[in-house]
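See below for the structure under consideration.
The analysis underlying the following values was restricted to heavy atoms, covering all of them including side chains, and did not include hydrogens, waters or symmetry mates.
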2 protein chains.
Amino acid sequence: MVETTRRREIEDVASELFREHGYSGTSVRDIARALDIQGASLYAHVASKQDVLWSIVDRTASQFEAAADAALADLGDAEPMARLRALALAHVGVVVEDIGRASVFIHEWRSLSPERRARTLTRRDAYEQRFRDVIREGIVAGTFAPIDPTVAAAYLLTALNGLVAWYQPDGRLGPSSVTDAYVELSIRAVSGAAADEAS
Amino acid sequence: MVETTRRREIEDVASELFREHGYSGTSVRDIARALDIQGASLYAHVASKQDVLWSIVDRTASQFEAAADAALADLGDAEPMARLRALALAHVGVVVEDIGRASVFIHEWRSLSPERRARTLTRRDAYEQRFRDVIREGIVAGTFAPIDPTVAAAYLLTALNGLVAWYQPDGRLGPSSVTDAYVELSIRAVSGAAADEAS
DNA sequence: GCTGGTGCCTAACGAACGTTAGGTTGGAGC
DNA sequence: GCTCCAACCTAACGTTCGTTAGGCACCAGC
């Protein structure tokens, strides 16, 4: 049950299967088949199926947090737009780097046990709070349009997370061009004065 | 197996359960329990579990299409920004009106049988094409920033769809204020000239 | 007062589920 | 040459899955 190469392989193929068919839609024997071993053999490496999900979610949560920390570290008190840009860039970076794990983190936390689920939601909320804060500061500074920071942050994060729904690492669009476009779209969404156009 | 009130009730509770636990994570007996009947009794009303999912997805797909049709009908050749605004408003409208069914349509199409899945994806692509088209026109007209219309349309649609991840019909935010904010954020994301800011 | 249909029941089916127990293999270290 | 350990095996467990079969209660229409 310790951290070995094999254990990591299991989480990798499990991420991909969970992403495609969901946690409930993936059986232990499915994961084993992808590794060319028997279902029961998996239990030499993991304590339970739930344990595999938890490892993936927990590790990916840490990656998102670390990326945000690093992004903000070297521009401490820069203006809100630069900080939001850095946050968005870091977020998309984690998603693009390992789309399987990111997808599981984003969608499959519902399948966690109640306690782990609650703990994960708390972390997610703290993470989202960084976005809310910088958006609020930007509004106060007049850089961003006056929109409820909670709604704006939710909009931006789900938009960035939406990448996992369609992005293919070996598709026609390279990771950097998609990343740039996503960051630019996000910045522009919250920028500027209030639009006074009637619908 | 014909369309009755009871059949509709089944789809309603199934939508909510599929939304919360996914298609695979919801058993026929779960659906029955929510209706206070036995699992086997459901089969007096539906042909199969898959059949319930298909009804929900199929009907919701039609709702999105009809809403888009209606939105564009009365402003045929208006300028791109007005058309995109109408499309976004219509989309969010369908989502907010029945968030359970919308959530299932958006996330659970993977659990459809291969043939139905393919058919649904084709419809989705045609729907998304409307967004791509109007975005392309807006870029040509100079109203929108020059971003790959495919990326921009995917960004916008997943952002709007992201509403199902957090919106609660009886939460502190009313449907109209959230809808307005979402439309405004979306319009601004694609509007304007190219941002020439370095990251 | 019989008929038909709707809506539900219990009982059961074979298959698949997550998981446990106990055993075999093969290579590394002393 | 023996020990150890990681990695895998087969067999089986109790449970839950989607689904079928057959039957009963109620109510409307003739």
- Among D:dC8, C:dT19, D:dT19, which is the nearest nucleotide to the side chain of A:Lys49? C:dT19

- Task: Calculate the interatomic distance between A:Leu35 atom CG and D:dC9 atom C1'; express it in whole Å.
- Result: 15 Å

- Measure from CG on A:Asp36 to P on D:dC8 and round the result to the nearest Å. 10 Å

- Candidate nucleotides D:dT19, D:dT10, D:dC8, ranked by approach to the side chain of A:Ala44 - the nearest: D:dC8

- Query: Just how far, in rounded Å, is P of C:dT19 from CG of A:Asp30?
  - Reply: 14 Å

- Quickly work out the A:His21 NE2 to C:dC17 P distance and round it to whole Å. 12 Å

- Item | Min side-chain heavy-atom separation A:Ile187-A:Val183 under 4.5 Å | yes

- Using atom CZ of B:Arg7 as one end and atom C1' of C:dC8 as the other, report the distance to the nearest whole Å. 17 Å

- Query: Please give, in whole Å, the distance from C:dA21 C1' to A:Gln38 CD?
  - Reply: 16 Å

- Message: Quick check for you: among D:dG18, C:dC17, D:dC8, whose closest atom lies nearest to any side-chain atom of B:Ser27?
- Response: D:dG18

- Quick one: which of D:dC17, C:dT20, D:dA21 gets closest to the side chain of B:Ala40? D:dA21

- Message: Between B:Ser41 and C:dG7, is there a contact of a side-chain N or O with OP1 or OP2 at under 4.0 Å?
- Response: no

- Between B:His107 and B:Tyr23: side-chain donor-acceptor atoms closer than 3.5 Å: no

- Side chain of A:Ser103, backbone of A:Gly100: donor and acceptor closer than 3.5 Å? no

- Nearest-angstrom distance from the residue atom CD1 of B:Ile31 to P of C:dC8: 14 Å

- Item | No-H, no-angle donor-acceptor pair, B:Arg6 side chain to C:dG7 base, under 3.5 Å | no

- Query: Side-chain N or O of B:His45 less than 4.0 angstrom from OP1 or OP2 on C:dC8?
  - Reply: yes

- Just compare C:dT20, C:dC8, D:dC8 and give me whichever is closest to any side-chain atom of A:Ile37. D:dC8

- Within a strict 4.5 Å, meaning less than it, do heavy atoms of the B:Phe105 and B:Ile56 side chains meet? no

- Item | Closest to side chain of A:Arg29, choosing from D:dA12, D:dT10, D:dT19 | D:dA12

- Return the minimal non-hydrogen interatomic distance between A:Arg188 and B:Ser191, and the atom names on each side. CD-O, 2.9 Å

- Interatomic distance, A:Tyr43 OH vs D:dC13 C1' [rounded to whole Å]: 13 Å

- Query: What does A:Thr26 touch in the nucleic acid at a heavy-atom separation under 4.0 angstrom: a base, only the sugar-phosphate, or nothing?
  - Reply: sugar-phosphate

